[in-house]
Protein chains: 2
Amino acid sequence: MIVEQLKLFLSTNTGACYTALMVGSTVKVEVGSEAGTRSRALDAASEIRSRIARGELAPGERVPEAKLAESLGVSRNTLREAFRALSEEGLITQIPNRGACVAIPNINTIIDIYRVRRLVECQAVTEAMPRHPAIARMRRAVEAALEAQDHDDWSRIATANIEFHRAIFELADSARLNRMYAQLTSELRLAFGLIDDPAYLHAPFLERNEAILELLEAGSTEKASAALRDYLLLAERILLAGYERATTEG
Amino acid sequence: MIVEQLKLFLSTNTGACYTALMVGSTVKVEVGSEAGTRSRALDAASEIRSRIARGELAPGERVPEAKLAESLGVSRNTLREAFRALSEEGLITQIPNRGACVAIPNINTIIDIYRVRRLVECQAVTEAMPRHPAIARMRRAVEAALEAQDHDDWSRIATANIEFHRAIFELADSARLNRMYAQLTSELRLAFGLIDDPAYLHAPFLERNEAILELLEAGSTEKASAALRDYLLLAERILLAGYERATTEG
DNA sequence: GCATACATGATTGTTGAACAATTAAAACTC
DNA sequence: GAGTTTTAATTGTTCAACAATCATGTATGC
């Protein structure tokens, strides 16, 4: 039966829940609602993620299982399942027999992240297809950042900046690289969080993003790539310097 | 105390176990033995990995927890911990409420892997530093493959080929990209396993690897990169064609 | 014969208690 | 203050149990 085959195909190739049924001569497929597929472990992971983002759990902070499990209202086994997702994202570091702690961004990690970004982002821009849909997303991110700048809303500027670079990764048309970007921004956010001057971090780059975008829109991919390379080298330098000041004075 | 600070530094930045102690005026650091840090969950993961590699667990095969846990002599919770590592490697797919199965390499995954490889490997070669240590590793892999060819030992040829490309990733000097390579080769091995003619898969590439290497050793990085690109496009085509035959006839 | 609904069985996700092993912290000694 | 021993805390694992979910089998209607 087509419905059964479709269910099997979809369940094998994705992790999502689907409802498939015949409606006349059409197979109607509905994606299961997000709420219906949530597990307690994933909810716990989300809550931990939020606590990290809010600074309630600080980089390097030990998170004892029993205490945290009780605080979240789940069992310790379930918390370990949650740690699994967070560990994959790089937000949590688990050391055998010593427990879990919030990841500390370290200098090697930051350097590595920027090295990867230069390789991937610059090459993605060099090889970008004209009128690739991601270019429009870059444009929207630039406009969002400019609007947020008018309000001195640095949190929104930071988010728009991350979206801009996500779109650059998406130029490469690779799900795997997109997942990588998601992970490395999780880790970068930890580093950003250590620096208490977001304007210093993000302000120098609005005009640069716009210049890169305009070169790209004009089809000058090599020039856009070179400008992006300069951008990333500068961003790395600023983050490393800020990180060093934050961890030295702290 | 320097010993305590060193322990803290090491434990925060790596997952390894260290013993640090003062010996005279020198701090002596010993890395904990591998055997001492093994956990039951990691042992279970290794055994599952081996079973997959030996074909005892086939792509797409459901692996019910209770049965497998009993077969491995661990509890179900421990098995779920093992699944965690394997899921991160892409060897296992876990679907909520449906259980775990051995990952099925699918066409989209293979295409994505080769897209990523072209972006990363070709750029790594283009920007390779002269006399980078990874170039020597490429040379050793080529020699190992040629020797294995004399014995028609296709398993060793496949391994040497994977080592050759690992070394190319290492040209980029990024731990993150090296980890990515480890994961994508795990997934590629699943696809290779579906094709029952290893000679067909690997034989065409020995001479190409050697040509790429010689261009690189001669400092012609752009030519090496172009040759690598051709290689990867051909390898993708051969794998996709073989995969399609295997999954159509199967 | 096919489609649908319901019942049954199998499996997963979670809970909680327990215990061995490991690590961290405190106490003690020199 | 440094080193050693003891104690406490925590992690990794096991087990049993149960609710929830899914898969499979059976019965019924068209």
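Labels below follow one simple rule: chain letters A, B, ... track the order of the sequence lines, proteins then strands, and each chain is numbered from 1. When reading the values below, keep in mind they use all heavy atoms of this one structure, side chains included, and skip hydrogens, waters and symmetry mates.
Residue A/Leu42 contributes atom CG, which lies 10 Å from atom P of C/dG13 at whole-angstrom precision. Rounded to an integer number of Å, the gap from CD of B/Glu65 to C1' of D/dA16 is 15 Å. Distance B/Leu79 CG to D/dC15 P: 13 Å, rounded to the nearest Å. Rounded to whole angstrom, the span from the CG atom of A/Leu72 across to the C1' atom of C/dG13 amounts to 17 Å.
By the side-chain hydrogen bond (donor to acceptor under 3.5 Å, both in side chains) test, B/Arg40 is found to be paired with no residue, residues two or more places apart in sequence or in another chain being considered.
For C/dG13, the base has no donor-acceptor partner in the side chain of B/Arg98 [N/O atoms by modelled type, under 3.5 angstrom]. With hydrogens and angles left out, the side chain of B/Asn77 and the base of D/dG12 share no donor-acceptor pair within 3.5 Å.
Side-chain atoms of A/Arg62 lie closest to D/dT10 of the nucleotides C/dG13, D/dT13, D/dT10. Among the nucleotides D/dC22, D/dC15, C/dT14, the one closest to the side chain of A/Ser75 is C/dT14. Nearest nucleotide to the A/Thr78 side chain, out of C/dT14, D/dT11, C/dT12: C/dT14.
Below 30°, between 30° and 60°, or above 60°: for A/Tyr181 and A/Phe169 the angle between ring planes is between 30° and 60°, a tilted geometry.
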Quiz item: Is there a salt bridge (Lys or Arg N to Asp or Glu O under 4.0 Å) between A/Arg76 and A/Glu70 once you walk through the steps?
Solution: CA-CA 8 Å; A/Arg76 201 153 64 79; A/Glu70 182 177 354; over 6 Å; no

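For the pair B/Arg76 and A/Arg76, nearest-nucleotide mapping onto DNA chain D gives the more 5' position to A/Arg76.
Put simply, CG on B/Leu177 and CG on B/Leu171 are 11.5 Å apart, with the number rounded to the nearest 0.5 Å.
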